[in-house]
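To keep things clear, I will list the structure first and then write my remarks on it.
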2 protein chains.
Amino acid sequence: MKQISIRQVQDLKQHDCEKEIQEVNLRVTPARVATLKLFESHDKPVDVLHLTDHLQKDLGIDRVTVFRIINSFVEKGLLKKLEFQEGKARYELNKGEHHHLICQNCGKIEDVKDTVIPDFEKKIAKKYKFLVKSHSLEFYGFCNDCQK
Amino acid sequence: MKQISIRQVQDLKQHDCEKEIQEVNLRVTPARVATLKLFESHDKPVDVLHLTDHLQKDLGIDRVTVFRIINSFVEKGLLKKLEFQEGKARYELNKGEHHHLICQNCGKIEDVKDTVIPDFEKKIAKKYKFLVKSHSLEFYGFCNDCQK
DNA sequence: AATTATACGCAACTAAGTTGCATTTGTCAA
DNA sequence: TTGACAAATGCAACTTAGTTGCGTATAATT
C-alpha cells in the first residue's frame, strides 16, 4: 500500500484551503491561506487574539488584517461567528450543524449534535412568519470533571 | 369599583423594585431602583448605552455605576445577559423561559416561547454528563415585514 | 510584462467594559 | 436617633475588541 508523506498531507491541506478561498470569490493570499489552515487544524471555536498570536508572531500578519480576513470569511459563509458571553467573538469552520456546551469552571467547550432545532425552526417560520437564516444555541454549566 | 391613581401604580412599582433588590441581598439605592424600574417598563432586551442614556442624563447616574449595577443584578439572577452578535451585551429581566427572533434587516426582537429545550437539556445531561445551568438560543433572519 | 482592482500594514480611532481610589450613603445595632 | 462600618457611587484612567483611512503592495487577468 502506497503511503503519502507528511509533506504531501500538508500540501493537500494547502491546496484545499486555496481552493476553498477561490471558490467563494476571494483572492488567494498567503494571509488568507494561513488563517484558514489555522481553522482547519483547530476543532474548537477560537477568538481573534488566539489567531493573531500565531499569525502575527510567526508570519508577520497584522491584527487588522486578521480581523478583515475573518469578517470576509464569515460573510462568505466559510466561518461561523459565535459569542459565549465573554465580550469577544469566537469563530469556527461553518460545517456540521451543532451546538456547544461551555463549562463555566474550566472553560472547556464541547460540541453537541443537533436533534431538535430544525423542527423548531419550522414551527417558528409558521407561527411567527419569521424567515430563519441562522441560529445559535449554547449551554452553560459544568462539565463532568468540574461537577466534583 | 375603586380605581387607583397613576401615582399609586408608580408607588407600587417602586415598592416592588425595592423589595426585589432587598430579597437578593443588595442595598436598596436610588440608582439600583431606577435601573430595575427601567427594566420593568421595557419588555425587550436593552443594551447598557440605552440604559445610561436615561439614567445618566435624567438622574446623574454614572456609566460605571450602571455597569456595576447590571453585573450585580446578573450575578443575583435578576437579569439575564444576552448577546446578539453586536459586539455588546443586552440584558432583560430573568423571568419566563423564552428565546429570541432577531431581524437582520430592521433589528426587531421578538420573543418565542420555549417548547423544546428542557427535553434537550435532559438528554445532554445524560449523554455528556454535563450539568446545564443556563442556555441561550437565538434565531437570526427576517421578520414578516422585512421578507418583502 | 502591464494593468487594475483588491488586500495589506500602519497609525489612529471608537466603543464596551473594567479598575483604583476617594467620597458618600444605606444598614444595623446600640 | 445616632454613630459606625461595610458597601455603593463618581471620577479618572485604563484595557481590550474591533474599525477606519490611507498609502503601498500584490493577486488575477490581458
Side-chain angles (χ1 to χ4, degrees), chain A residues 14-15 17-38 45-76 78-91, chain B residues 14-15 17-38 45-76 78-91:
Chain A
Q14 171 93 18
H15 182 256
C17 288
E18 289 177 6
K19 222 175 85 184
E20 268 191 277
I21 293 168
Q22 206 171 40
E23 273 167 3
V24 295
N25 294 313
L26 289 174
R27 289 192 177 172
V28 179
T29 68
R32 281 179 180 155
V33 175
T35 305
L36 192 51
K37 259 170 143 177
L38 250 189
V46 292
D47 58 67
V48 178
L49 184 65
H50 188 102
L51 290 170
T52 49
D53 195 48
H54 171 237
L55 293 171
Q56 188 152 37
K57 206 185 299 167
D58 300 352
L59 303 168
I61 299 168
D62 195 81
R63 222 174 63 83
V64 175
T65 302
V66 179
F67 274 109
R68 284 199 265 233
I69 287 174
I70 283 171
N71 284 341
S72 65
F73 282 2
V74 171
E75 208 175 307
K76 297 293 187 177
L78 257 41
L79 295 180
K80 191 167 159 51
K81 184 179 182 176
L82 304 169
E83 289 197 302
F84 294 167
Q85 312 215 339
E86 307 167 296
K88 67 182 168 187
R90 284 178 183 254
Y91 302 86
Chain B
Q14 171 94 16
H15 182 255
C17 287
E18 289 176 6
K19 224 176 84 183
E20 269 192 276
I21 294 167
Q22 206 171 40
E23 273 167 3
V24 297
N25 295 313
L26 289 175
R27 288 191 178 174
V28 179
T29 68
R32 280 180 180 156
V33 175
T35 305
L36 192 50
K37 260 169 141 177
L38 251 189
V46 292
D47 57 67
V48 178
L49 185 64
H50 187 103
L51 291 170
T52 48
D53 195 46
H54 170 237
L55 294 171
Q56 188 152 39
K57 208 185 299 166
D58 302 351
L59 303 168
I61 299 168
D62 195 83
R63 223 174 62 84
V64 175
T65 302
V66 180
F67 274 109
R68 284 198 266 232
I69 287 174
I70 282 171
N71 285 340
S72 65
F73 283 2
V74 171
E75 208 175 307
K76 296 294 187 175
L78 257 39
L79 295 179
K80 191 167 157 54
K81 183 179 183 178
L82 305 168
E83 290 197 302
F84 294 167
Q85 312 214 341
E86 308 167 295
K88 67 183 168 188
R90 285 178 182 254
Y91 301 86

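Letters A, B, ... mirror the listed sequences (proteins, then strands); counts begin at 1.
- Closest approach to the A:Val64 side chain among C:dA7, C:dT18, C:dA11 is made by C:dA11 (side chain taken as heavy atoms from C-beta onward).
- The residue B:Arg63 sits close to a base: some heavy atom pair falls under 4.0 Å.
- Proximity note for B:Val28 (side chain, C-beta onward) versus C:dT27, C:dC10, D:dA12: the nearest is C:dT27.
- For the atom pair CG of B:Asn71 and NZ of B:Lys81, the computed distance is 7.0 Å after rounding to the nearest 0.5 Å.
- For C:dG26, neither phosphate oxygen OP1 nor OP2 lies less than 4.0 angstrom from any side-chain nitrogen or oxygen of B:Thr29.
- For B:Glu20 (side chain) and B:Leu78 (main-chain N/O), no donor-acceptor pair under 3.5 Å exists by modelled atom type.
- Here the closest non-hydrogen pair linking A:Glu83 and B:Glu86 is OE1-N, 3.9 Å.
- Residue A:Lys88 has its side chain nearest to D:dG18 when only D:dG18, C:dT25, D:dT9 are considered.
- B:Asp47 comes within 4.0 angstrom of no nucleic acid atom, judged by non-hydrogen atoms across all strands.
- Atom CG of A:Asn25 is separated from atom P of D:dT29 by 10 Å (rounded to the nearest Å).
- Remark: P of D:dT26 and CG of A:Leu26 are 19 Å apart, rounded to the nearest angstrom.
- Put simply, OG1 on B:Thr65 and CD on B:Gln56 are 9.0 Å apart, with the number rounded to the nearest 0.5 Å.
- Picking from C:dG17, D:dA12, D:dT9 the nucleotide with the shortest atom distance to the side chain of B:Val48 gives C:dG17.
- Between the side chain of B:Arg32 and the base of D:dA8 there is no donor-acceptor pair of N/O atoms closer than 3.5 Å.
- As a whole-Å value, the separation of B:Glu18 CD from C:dG26 C1' is 12 Å.
- A donor-acceptor pair is defined here as one N or O able to donate and one able to accept, closer than 3.5 Å; no such pair exists between the side chain of A:Arg63 and the backbone of A:Thr52.
- Side-chain proximity of A:Phe67 to the nucleotides D:dT19, D:dT9, C:dG17 is greatest for D:dT19.
- Remark: P of D:dA25 and CZ of A:Arg27 are 16 Å apart, rounded to the nearest angstrom.
- In this structure, CD of A:Gln22 is placed 13 Å from P of D:dA27, rounded to the nearest angstrom.
- Relative to the side chain of B:Asn71, the nucleotides C:dC10, C:dT18, C:dG26 differ in distance, and C:dT18 lies closest.
- Between the CZ atom of A:Arg90 and the C1' atom of D:dA17 there is a distance of 14 Å, given to the nearest Å.
- When rounded to the nearest whole Å, the span between CD1 of A:Ile69 and P of C:dT6 equals 16 Å.
- Counting any heavy atom pair closer than 4.0 Å across all strands shown, A:Arg68 reaches a base atom.
- What separates CD1 of A:Ile21 from C1' of C:dT6 is a distance of 14 Å, to the nearest Å.
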